[in-house]
Number of protein chains: 2
Amino acid sequence: MEQKVDTRSRILDIAEAAVLEKGFEATSIEEIVAGADISRGGFFYHFKDKNALARAMLERYIDAENALYDDLFARARELNDDPLHSMLIGLKLLAEMLEEMPTGHPGCVIASTAYQDRLFDEGVRELNRQAILGWRKRFRGMFEDIARVYEPREPVNMDALGDMVSGVVEGGLVLQRALREHNNASEQIMLFRTYLKLLFAST
Amino acid sequence: MEQKVDTRSRILDIAEAAVLEKGFEATSIEEIVAGADISRGGFFYHFKDKNALARAMLERYIDAENALYDDLFARARELNDDPLHSMLIGLKLLAEMLEEMPTGHPGCVIASTAYQDRLFDEGVRELNRQAILGWRKRFRGMFEDIARVYEPREPVNMDALGDMVSGVVEGGLVLQRALREHNNASEQIMLFRTYLKLLFAST
DNA sequence: ACTCTGACTGTACTACGAGTCCAGTTGACT
DNA sequence: AGTCAACTGGACTCGTAGTACAGTCAGAGT
């Protein structure tokens, strides 16, 4: 009975790595089953079709990302109670985490699916959308907490500022992939951190 | 003899629209030839394979993007000779341009191919890389001009700041695609503009 | 008028991956 | 001993990439 969970997540592991490496369409079920050491029939036992695989991958990825953010910013808050400074610590931790991944960050499944979304059904696209809206809400809330203590030096749209966290990470990962460098995403986050320092500077 | 140019760019037009809509692999040669009203043989006469099509698409896209940046920032420079203010004007023009596209910006071929790059040969990937390095150089130069007049209020890596223009645009387009909204990219550019105002503020 | 060439059309072929169907196997639990 | 979830394995259909090649056709050069 543990086999079930085991095989399913093994499929997801292999599929995720392959999809991040070369895209969804370019990843064949053949190679997934070869990697997971199961038969084609076994694959379709777990997933109705490739679309179901995409949905499961996205769900898992989004959950992991959310858990990571929860953990990271909770730790940052423990280190400093001030909303601005805990945000700055959290971003630093995030940047360090991205940098420490030896092979570079696997890249974001969100962007990967966003650019191939006509392959997927409405459910997958909606999942993608809700994830980004969730991050917008999360970061907007944190920025509003900061703004209550530190008056922004320039007027900013808080929704857009919340989106900017996702945007900077996604954009940084795109650069990283295209340039074949390995610290662009973390550098972009550090630049965004400087932005926040300037925007909410108390001087 | 004009037929040659005509058919080739007609194929590229149709292919680009289809690829931006649903990704490269999901776009079949069948549908391209149907859209361009030619035969399959005709397609392979112009392009050896899908990889050659990808390369031609990228080349054309990068040239267009570079021409657009040349034009935009040249106009901005005409309107204000100060490097900071012409940069701010140029970004505003870019944001407005993105917003005015009625159906939303087609999306960036760079990001689209970056996430499917194992489909392509080294030439395509190198093209992608060089384009982003070119933008890095372009914007870093502009930021250095600004920094000579306005001392940055916080130390920043100029390469990374140059990359941030591309990153913010790419990231904004990813958000826009995933959220199905239509002004995220322009909002992100405006936020980046505010960043520059704060970073190079003379006060 | 004649030929040559570039830009195709049309057809037939191979190879491969997605997805379907299904009959049979295996090991754990009851 | 029987049941069920979790598979295996094979045969099939269908759509797409890519190859090959023979033929068409308009226009430029001679």
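Residue numbers begin at 1 in each chain, while the letters A, B, ... track the order of the sequences.
- If you take CD1 of A:Ile38 and C1' of D:dG9, they are 13 Å apart, rounded to a whole angstrom.
- When the C1' atom of D:dT19 is taken as reference, atom NZ of B:Lys50 falls 17 Å away, rounded to whole Å.
- Taking the six-membered ring where the residue is Trp, B:Tyr195 and A:Tyr195 present parallel rings, their angle staying beneath 30° rather than reaching 60°.
- Contact check on B:Glu78 versus B:Arg75 returns no salt bridge, with no Lys/Arg side-chain nitrogen under 4.0 Å from an Asp/Glu carboxylate oxygen.
- Residue A:Phe43 contributes atom CZ, which lies 19 Å from atom C1' of C:dC22 at whole-angstrom precision.
- Applying the 3.5 Å distance criterion, the base of D:dG18 shares a donor-acceptor pair with the side chain of B:Arg40.
- As rounded to whole Å, 14 Å separates atom C1' of D:dC7 from atom CZ of A:Phe47.
- Minimum atom distance to the side chain of A:His46 is reached by D:dC7, of the listed C:dT20, D:dA17, D:dC7.
- Ion pair B:Glu96/B:Lys92 flagged as a salt bridge, since at least one NZ, NE, NH1 or NH2 atom sits closer than 4.0 Å to an Asp/Glu carboxylate oxygen.
- Using cut-offs of 30° and 60° for the angle between ring planes, the B:Phe143 and B:Phe200 rings count as parallel.
- When the side-chain nitrogen and oxygen atoms of A:Thr7 are compared with OP1 and OP2 of D:dC7, one or more of them lie within a distance under 4.0 Å.
- For A:Ser39, the listed nucleotide lying nearest its side chain is D:dT8; candidates were D:dT19, C:dA18, D:dT8.
- Nearest nucleotide to the B:Ser28 side chain, out of C:dA18, D:dT16, D:dC7: D:dT16.
- Taking atom CD of B:Glu30 as the reference point, atom C1' of D:dT16 lies 8 Å away to the nearest angstrom.
- Checked against D:dA17, C:dT20, C:dG6, the side chain of B:Tyr45 finds its nearest nucleotide in C:dG6.
- When the P atom of C:dC8 is taken as reference, atom CG of B:Asp6 falls 9 Å away, rounded to whole Å.
- The interatomic distance linking B:Asp37 (CG) with C:dA7 (P) rounds to 18 Å, in whole Å.
- In this structure, A:Phe44 atom CZ and C:dC22 atom P are separated by 16 Å, rounded to whole Å.
- In this structure, A:Arg177 contributes its side chain and B:Ala114 its backbone to a donor-acceptor pair below 3.5 Å.
- If A:Gly41 and A:Thr27 are placed on DNA chain C by their nearest nucleotide, the residue sitting closer to the 5' end is A:Thr27.
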